[in-house]
Amino acid sequence: MNRTSSIVAMQFDDSEQQHSAALLGMWIFLATEVLFFGGLFVAYTVYRYEYSDAFAEGSEHLAIWSGAVMTGLLLMGSLLIALSENVFERDHMHRVFWNLISTAVLGILFLSFEFYEYHDLIKHQLFPGAAFHWPEKQSTPLSGRSVEIYFVLFFCMTGLHALHMIIGISLVSGLAFYLRYSKNPRRLKNPLTVIGLYWHFVDIIWIFLFPLFYLI
Amino acid sequence: MNTSFRLLPEVASRGGSEIDLLAWALLAVSTLFSVVIAVALIVFVVRYYHTREVNRQSGWLERHHLATEIVWTIVPLLILLIFFGWGAEVYVRGHQPPPETTNIYVVAKQWMWKIGHEQGSREINQLHVPVGQPVRLTMISEDVIHSFYVPAFRNKQDVLPARYTTLWFQPTKTGVFHLFCAEYCGTSHSAMRGTVIVQTPEEYEQWLRSGEELSPEQRGRRHLASFGCLQCHDPLEGNRSGPPLAGLYGSLLPLASGHTVRVDASYIRRAIVEPQAEIHRGYQKMMPSYQTHLTPEQILEITAYLKSIADASGPVPGPAAF
Amino acid sequence: MATHQSYLSDGTTLRSWLMTLDHKRIAILYMVSLTFFFFVGGAAAVLFRLELITPQGDLVSSDTYNRLFSIHGIIMVWFFLIPAVPNVLGNFLVPLMIGARDLAFPRLNLASWYLFMAGGLFTLYVVIAGGVDTGWTFYTPYSSTYANSHVILAATGVFITGFSSILTGLNFIVTIHTMRCPGLKWFRLPLFIWSMYSTSLIMVLATPILAVTLALVAVERLLGVGIFDPGIGGDPLLFQHLFWFYSHPAVYIMILPGMGVISEIIPCFSRKPIFGYEFIAMASLAIAILGFLVWGHHMFVSGQSLYAGLFFSLLSMLVAVPSAVKVFNWTATLYKGSISLTTPMLYALGFIGLFTMGGLTGICLATLAFDVHVHDTYFIIAHFHYIMVGGMVMAYLGGMHFWWPKITGRMYSEWLGRINALIVFAGFNMTFFPQFILGYLGNPRRYHTYPGEFQVFHIMSTLGASILGIGYLLPLFYLLWSLKYGKRACDNPWDATGLEWATTSPPPAHNFRETPVIREPAYQYETPHSDSKNKPNPKTRLT
Amino acid sequence: MTSAKQVSSTQLIWTCVALMLLLLLTVGLFQLPLGSAHLIAGLSIAFLKTLLILAIFMNLKGGSGVLRLTAAVGILWLCFAILGIISDYTTRGWQETLDPGLEQGTHYSSSDRVEASTAD
């Protein structure tokens, strides 16, 4: 640990204490995030139990390959950001910068896939609400009314995830540039760890969304 | 309705007396505990007030005393478990009506109670029931959540949109009692009040007869005709494009999906508002949804009609009969 | 530092207050804003209590009445009861009590206050713009489809404030874990810290569920897309499940900090170590954890399944045990103590009495069959006001008086304080005891008009409320008065243990001149033996 | 609390490879006609992936006990919510005769629902 180059905040005794506080704080924040998404996972469980057939119907409108590619993109991003912590320890700030930028680009690719999917669903009048239209001929065995619930959940859950992705991408790219132009980049060790944790967490959420919405 | 000042409400149902007994027991235990705590507080404060010269030599109650802690953890726990068991027993029985009940249908909407009797009388914000007989309400809401509450019966049940809930009670004395909506339902929530009129069976019969309206079954039959249902569903013959209606109620229906469903009020409701959901095996998906055409009351009346012809072709048929 | 400056004189400009990172100054910011919200919420209560004097609706219209009780609930729950002790006393005391210089994340702490204020402004805007009429519970489908008031704005206000609560809880947990001074082991912590820790757990784990649930209601209203909409197969009861998954634990957010305050006051004014320290500490944690598993007792008559009812009733019985253990331990602490009836002690004793009654009626409500009768009646109102007002507000006032010398460096008028404690106690009981009877008689809650035979109790309640109102206004004046004219307080006017008393009154900006070291358990009070002559009388210890 | 040990780069890369293989496995399994087992398989693999990410990428492996506890508590509390709420839905109608006219004592597995005789 490079104690001398870190600037310790007034309330802490040393950088060690500051680092553990930052880590614990972030993990607690992630626990709250689990429960924030949790409300939606509860709703998903209840309605999947009530309308399992409708969920299977609805999921036929999602392309599995695209979901799989999206998962792959996120996992790659996670790897890069985890690697950048190692690189950071070895003071290769240039590589850290490029790792972070690549992560952000992978995230943007992920979002493009997702928004293309939204676009497609909206075109087929599958966005829930007044315009929702469920073609009669496919309605076996449940009518569109409970399929609509599936799409409500789909848009809410992936939408909330996308919001987290946007925040994550801004944080990662912000950090990348801050790091590049900072005079004392070693100060940014805690932010790098914390933002990395956040990125991995958003990743985990998608790992569950993928089987729950695409693989029914 | 006795509107004079009182400390305890009238009780007018069998279950009500049971709950009163439970309430007295709870009151006794609560009073005992509060008094013990209050007396202990006062005695300690007076006796060990800082100006008093008393022996404060630390006794056994100094900092910890494991046995004491365990005792005052276990004893309240046991008392609580007793009350749990008692309360649960009364509650479960309150959810299981006896087999023979007078059935009444309740539709709640902002801000009134619409009540229909099996024999045909309908009333608003008034409920006539016979004394001594178990009465069972099947309730649904047209809009938001309401709650059917008769304090004199110590009974309450929320009334939900798009789902039936039931409530039963057995009045034990005649009289006029309050009916309240207990779940906040908007502007005139507090005006959603009515009266429950408990009559002797004779008076009740007479009251039923005085209404000149059609019975729910008759009205249900009329709805079937006027909405064109009978063009596809013949009450008896099975040679139309829809399943016959006689003997349907209470039967086990095989579905196209391979499931089996018991035809009850909930199923009939679903079959009307969401006909594509559970199709009778061997029939086509032709029927449109009548959700926007039929009110919850009309659906209840159709259900009443179907129930009245449940035995039209002999005993209620099992799955094999289809 | 040679000169020993208090945190209060660390800057006098508005900017020095609004941009401060000092936990003590942020506590003051909360204190001022919470007091404001308390009186706004109280004003709503005054209006509907006046309306209820007569059975007819003659003072305000039914729509206004609905808006009054809704705003009373929303403000009192989210803008007073939940933040009261944690954000004012907790913010001030947590670092002091554990011998730290500040909370772990001072910027986050300030951000919490700004979030709180932003949520508060939304809520105040709702009041000005015409109110919200869903009640504080926002039940669907009324809130999502039928209400035509400012539901989205109100939900946004609560949503934002929720994040303030989450961040405060997070800050406390991290601080308590990582920043205790040397020698301050877990079982040497003051019980106030234990209760703050338990409270923070609930804030962090429950609040996100509320946030997402209210967001769903807002989405349903905005886009007409309904997760709870029965029209497309949604279930309004799911909302109630999610809502109470937060809101039942939230009740413990309101009472646990109060219990922490009482655990500080009782040993101090009995001059005796607290009885059963470990049991009280563990009871806090047990309440926090078990409190998460009992939410279904709000839904016994809602149409949830019979078995869910049994399950939640049983667990609700279990959560009563740790509360009972605490009451017994406090009472036992008085035994063979050397008791002085100062203002904080009067509030603490009042707390024990009223909380006991609130808790016992809570057990009644957890009993399934009994609840069916009194559910959604005034019995519920009385019960939770005994917990929240009889419990929490008493504890808050007690704690404010106890730590007032530490916070401001001034003594309040002890004489007025004692009288006021009695006024609050009497007014409270007169307001809410009749409501137990009213509830058992069957008067449903949230009723604008009511049958005439209930009037007597409503009149008693309103009379009591006016006494209670005096009891809340009086401290506002004499505490403010003490700021200028009160006697200067010494560092430890109550002769109490605890690190917060080891520094000056008011404390310096960085709390301690040198990091304290702890060598003994909490509450090492010397119990005076038979001789009372040389015992400290708190009054004589003022400088 | 001591600062966590770093995970080596090779370990990170191998973890990512494992995650990718698991991803292929999920998609592959989905092509087989497994019926209701799809849900179980999909969720189990998701849990496996989560464990890998938590342990290696998020370095819980080298993290302190408090951090692991925090992660566990978040998941545990979500389980509380899901189990508590679903227990209501799965037991609706038990021991209740919701419909007048049918004999008391007839047991309905759930009066609101289609009996799940063959379905997943």
Side-chain angles (χ1 to χ4, degrees), chain A residues 1 15-17 19-21 23-24 26-28 30-35 37-39 41-50 52-53 56 64-65 67-68 71-72 75-76 78-83 85-87 89 141 193 196-197 199-201 203-204 207-212 214-216, chain D residues 1-4 6-9 12-13 15-17 19-20 22-24 26-27 29-31 36 38-39 41-43 45-47 49-50 53-54 56-60 63-64 66-75 77-78 81-86 88-90 112-114 116 119-120:
Chain A
M1 286 284 131
S15 72
E16 193 84 344
Q17 193 187 27
H19 185 69
S20 13
L23 266 187
L24 180 59
M26 192 58 194
W27 275 99
I28 294 171
L30 294 185
T32 71
E33 285 275 38
V34 169
L35 285 147
F37 277 96
F41 278 107
V42 169
Y44 180 91
T45 316
V46 166
Y47 290 129
R48 170 110 188 226
Y49 172 77
E50 298 265 311
S52 54
D53 295 332
I64 293 168
W65 65 266
T71 317
L75 292 177
M76 286 302 295
S78 260
L79 173 67
L80 285 175
I81 210 160
L83 281 174
E85 271 195 75
N86 279 6
V87 182
E89 285 303 314
T193 317
L197 286 176
W199 189 273
H200 297 312
F201 165 79
D203 212 6
I204 290 178
I207 283 178
F208 281 92
L209 293 184
F210 175 56
L212 288 182
Y214 291 79
L215 306 179
I216 301 181
Chain D
M1 237 182 293
T2 50
S3 173
Q6 290 287 330
V7 183
S8 74
S9 299
L12 290 174
I13 291 167
T15 310
C16 189
V17 170
L19 287 169
M20 290 296 182
L22 283 173
L23 173 62
L24 286 179
T26 336
V27 177
L29 277 180
F30 187 70
Q31 309 305 320
S36 60
H38 276 143
L39 180 64
L43 284 183
I45 293 178
F47 271 113
K49 282 192 212 160
T50 305
I53 295 185
L54 283 175
I56 315 283
F57 281 178
M58 297 172 91
N59 200 9
L60 267 193
S64 65
V66 183
L67 297 189
R68 289 184 217 170
L69 190 67
T70 313
V73 159
I75 295 165
W77 253 249
L78 177 57
I82 289 181
L83 290 179
I85 292 176
I86 202 71
D88 170 21
Y89 288 85
T90 49
D112 282 347
R113 303 174 44 73
V114 176
D120 41 309

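It should be emphasised that the depicted structure is a prediction, and the values quoted were computed from it without experimental measurement. Each chain gets a letter, A, B and so on, in the order the sequences are listed, and its residues count up from 1.
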Between OG1 on residue A:T45 and CG on residue D:L78, distance to nearest 0.5 Å: 8.0 Å

4.5 Å side-chain heavy-atom contact, A:L212 and D:L43: yes

Under 4.5 Å from any heavy atom of chain D - which part of A:M26: neither

Distance-minimising heavy-atom pair for D:M20 and A:G72: CE-O, 3.5 Å

Check: D:H38 and A:L215 side chains under 4.5 Å, non-hydrogen atoms: no

Distance, nearest 0.5 Å, that separates OG1 of D:T50 from NE2 of A:H200: 13.0 Å

Working for side chain to side chain contact (heavy atoms under 4.5 Å, CB included), residues A:I207 and D:L23: CA-CA 9 Å; A:I207 283 178; D:L23 173 62; over 6 Å; no

Value rounded to 0.5 Å, distance of CZ in D:F30 from CD1 in A:I216: 8.0 Å

Derivation and outcome, side chain to side chain contact (heavy atoms under 4.5 Å, CB included), residues D:T26 and A:Y214: CA-CA 11 Å; D:T26 336; A:Y214 291 79; over 6 Å; no

Pick from D:D88, D:I13, D:T70 with the largest number of heavy-atom pairs that fall under 4.5 Å of chain A: D:T70

Heavy-atom pair with the smallest gap, counting every atom of D:L39 and A:R48: CD1-NH1, 3.2 Å

Side chain to side chain, A:I204 and D:F57, heavy atoms closer than 4.5 Å: no

Note, D:N59 side chain near A:E85 side chain (heavy atom, < 4.5 Å): no

Heavy-atom proximity to chain D below 4.5 Å, by part of A:Y44: neither

A:L79 versus chain D, the contacting section by heavy-atom distance below 4.5 Å: both

Test side chain to side chain contact (heavy atoms under 4.5 Å, CB included) applied to A:W27 and D:L60, step by step: CA-CA 10 Å; A:W27 275 99; D:L60 267 193; 3.6 Å; yes

Least distance between heavy atoms, A:E50 atom then D:Y89 atom: OE2-CD2, 3.6 Å

Heavy-atom pair of closest approach, residues D:A46 and A:P211: CB-CG, 4.3 Å

Reported CD1-to-CG distance for the pair D:I53 and A:L75, which is rounded to 0.5 angstrom: 5.5 Å

